[in-house]
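Worth saying up front: this structure is predicted, and the values here are computed from it rather than measured. Just so you know, residue 1 is the first one in the sequence shown, and it goes up from there. Just so it is clear, the values below take in all heavy atoms, side chains as well, and ignore hydrogens, waters and symmetry mates.
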Amino acid sequence: MANLNHQEDAESEARQKRAEHLREARRSLIVKAARDVFSQDGLDGASMRSIARAAGCTTGAIYPYFHGKEELYCAVLQETLEQLHHAVTEAIEGAAFPAQSASAGVLAFFDFYDSRPDDLALGLYLFNGLKPVGLGRELDAVLNRQVGATLRVIECRAADEFGDRAKEWTAGSIAQCMGLLVMGHTGRLSHWQFKGRYLLEQFLRK
């Protein structure tokens, strides 16, 4: 009897794991489809219907995972921010000299979005122009915590070099970084014929 119970428990656990894997696969498929739709239409232009169509499912199949397109947009940005955090942390830890680690983090931040203009546009809600846009207090708080975690990694390293000015240095560096990214991807830097990364490197050497 004990062996039979053990076998039943093992089979139940295996079924549960298969169900979890299937659920995660479906969720990933929906998020990927949402990323494509948001990249093309932005938050305002997208709909749950268009996302369902891109995912090859019904809108009803999405709601067990996400209650609306704002939650889906948040999920898309969360994936990107997780990858950004990894890229920045890896660059900081791989810096040849401790004094260069904070700058390495900022450059990794720049390189990440420079190579992924769609993620830059999604992260800045550029499809909605320059007006302030959010996803609601709770979702904005989730994303802000993720962004803050990445910036703190840079700021902690900057403290070794700049002391009490670490927060100011980090804010200025990221602001410079984002300005150059937007200007670069919108063609505004072509007037000076400089690459955004080069200008950022010059700024960080000051």
Side-chain angles (χ1 to χ4, degrees), residues 32 34-46 73-74 76-135 140 143-163 165-206:
K32 183 180 183 301
R35 176 187 294 276
D36 294 339
V37 173
F38 288 136
S39 294
Q40 179 177 335
D41 301 330
L43 178 60
D44 285 348
Y73 202 96
C74 182
V76 169
L77 293 186
Q78 281 185 287
E79 283 191 357
T80 298
L81 291 173
E82 184 177 341
Q83 294 161 7
L84 172 67
H85 185 81
H86 176 75
V88 168
T89 301
E90 189 176 61
I92 286 175
E93 293 177 350
F97 303 100
Q100 298 175 350
S101 60
S103 293
V106 174
L107 289 170
F109 189 107
F110 178 91
D111 290 340
F112 181 86
Y113 282 116
D114 192 42
S115 64
R116 303 168 66 158
D118 284 347
D119 286 323
L120 174 67
L122 288 171
L124 293 177
Y125 306 88
L126 290 181
F127 295 97
N128 298 285
L130 295 178
K131 63 182 180 181
V133 178
L135 300 176
D140 287 345
L143 296 174
N144 287 337
R145 281 195 295 271
Q146 272 192 274
V147 173
T150 299
L151 297 183
R152 278 193 298 275
V153 173
I154 298 173
E155 189 176 324
C156 285
R157 291 304 178 98
D160 296 334
E161 186 175 355
F162 300 102
R165 292 183 53 244
K167 187 173 184 178
E168 176 187 341
W169 181 90
T170 303
S173 298
I174 295 299
Q176 182 81 3
C177 182
M178 296 306 295
L180 289 170
L181 283 166
V182 172
M183 292 181 71
H185 284 298
T186 55
R188 272 32 177 207
L189 285 179
S190 59
H191 175 77
W192 291 283
Q193 298 181 338
F194 287 118
K195 296 290 186 181
R197 198 181 201 278
Y198 169 80
L199 293 174
L200 181 59
E201 288 171 345
Q202 303 312 303
F203 175 83
L204 294 173
R205 289 197 180 106
K206 294 179 180 179

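When atom types are taken as modelled, the side chain of Arg205 and the backbone of Phe203 share no donor-acceptor pair closer than 3.5 angstrom. When atom types are taken as modelled, the side chain of Ser115 and the backbone of Phe112 share a donor-acceptor pair closer than 3.5 angstrom. Formation of a donor-acceptor pair under 3.5 Å by the Ser103 side chain with backbone atoms of Gln100 is not found in this model. Formation of a donor-acceptor pair under 3.5 Å by the Asn144 side chain with backbone atoms of Asp140 is found in this model.
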*Residue pair Arg188, Val182: steps toward the side chain to side chain contact (heavy atoms under 4.5 Å, CB included) verdict*: CA-CA 8 Å; Arg188 272 32 177 207; Val182 172; over 6 Å; no
*Residues Asp36, Lys32; criterion side chain to side chain contact (heavy atoms under 4.5 Å, CB included); working and verdict*: CA-CA 7 Å; Asp36 294 339; Lys32 183 180 183 301; 3.8 Å; yes
*Do Glu168 and Arg165 pass the side chain to side chain contact (heavy atoms under 4.5 Å, CB included) test, and can you show the C-alpha distance, the side-chain angles, and the key distance before you say yes or no?*
CA-CA 5 Å; Glu168 176 187 341; Arg165 292 183 53 244; 4.2 Å; yes
*asked:* Working note: Leu143 + Leu135, criterion side chain to side chain contact (heavy atoms under 4.5 Å, CB included); need CA distance, chi angles, decisive distance, verdict.
replied: CA-CA 10 Å; Leu143 296 174; Leu135 300 176; 3.7 Å; yes
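Counting heavy atoms from C-beta outward, Glu155 and Trp169 have side chains that stay 4.5 Å or more apart. Counting only heavy atoms from C-beta outward, the side chains of Gln146 and Gln78 approach each other to under 4.5 Å. In this structure, Leu189 and Phe194 have side chains that are not in contact, with every pair of non-hydrogen atoms separated by 4.5 Å or more. A 4.5 Å side-chain heavy-atom check between Ile154 and Ile174 finds at least one atom pair inside the cut-off. Under the 4.5 Å side-chain criterion, counting only non-hydrogen atoms from C-beta, Gln176 is in contact with Leu180. Here the side chains of Tyr125 and Asp44 are not in contact, with every heavy-atom distance at 4.5 Å or above. Contact check for Leu124 versus Leu181: no side-chain heavy atoms found under the 4.5 Å cut-off.
The two residues Ser101 and Ile92 have their closest heavy-atom pair at O-CG1, 3.3 Å. What you find for Leu122 and Ser39 is that their closest heavy atoms are CD1-OG, 3.7 Å. Considering every non-hydrogen atom in both Val106 and Cys177, the closest pair reads O-SG, 4.1 Å. Nearest heavy atoms, Ala158 versus Thr170: CB-OG1, 4.0 Å.
Ion pair Arg35/Asp118 not flagged as a salt bridge, since none of the NZ, NE, NH1 or NH2 atoms sits closer than 4.0 Å to an Asp/Glu carboxylate oxygen. Using a cut-off of 4.0 Å between Lys/Arg side-chain N and Asp/Glu carboxylate O, Arg197 and Asp114 are scored as not salt-bridged.
By the 30° and 60° cut-offs, the orientation of the rings of Phe38 relative to Tyr73 is perpendicular.
Note that CD of Glu90 is 11.5 Å distant from NE2 of His85, once rounded to the nearest 0.5 Å. In this structure, the separation between CZ on Arg145 and OG1 on Thr150 is 13.5 Å, given to the nearest 0.5 Å. Atom CE of Met183 and atom NE2 of His191 lie 9.5 Å apart (nearest 0.5 Å).
In this structure, Glu82 places its CD atom where only 12 or fewer heavy-atom neighbours from other residues, nucleotides or ligands lie under 6.0 Å away.
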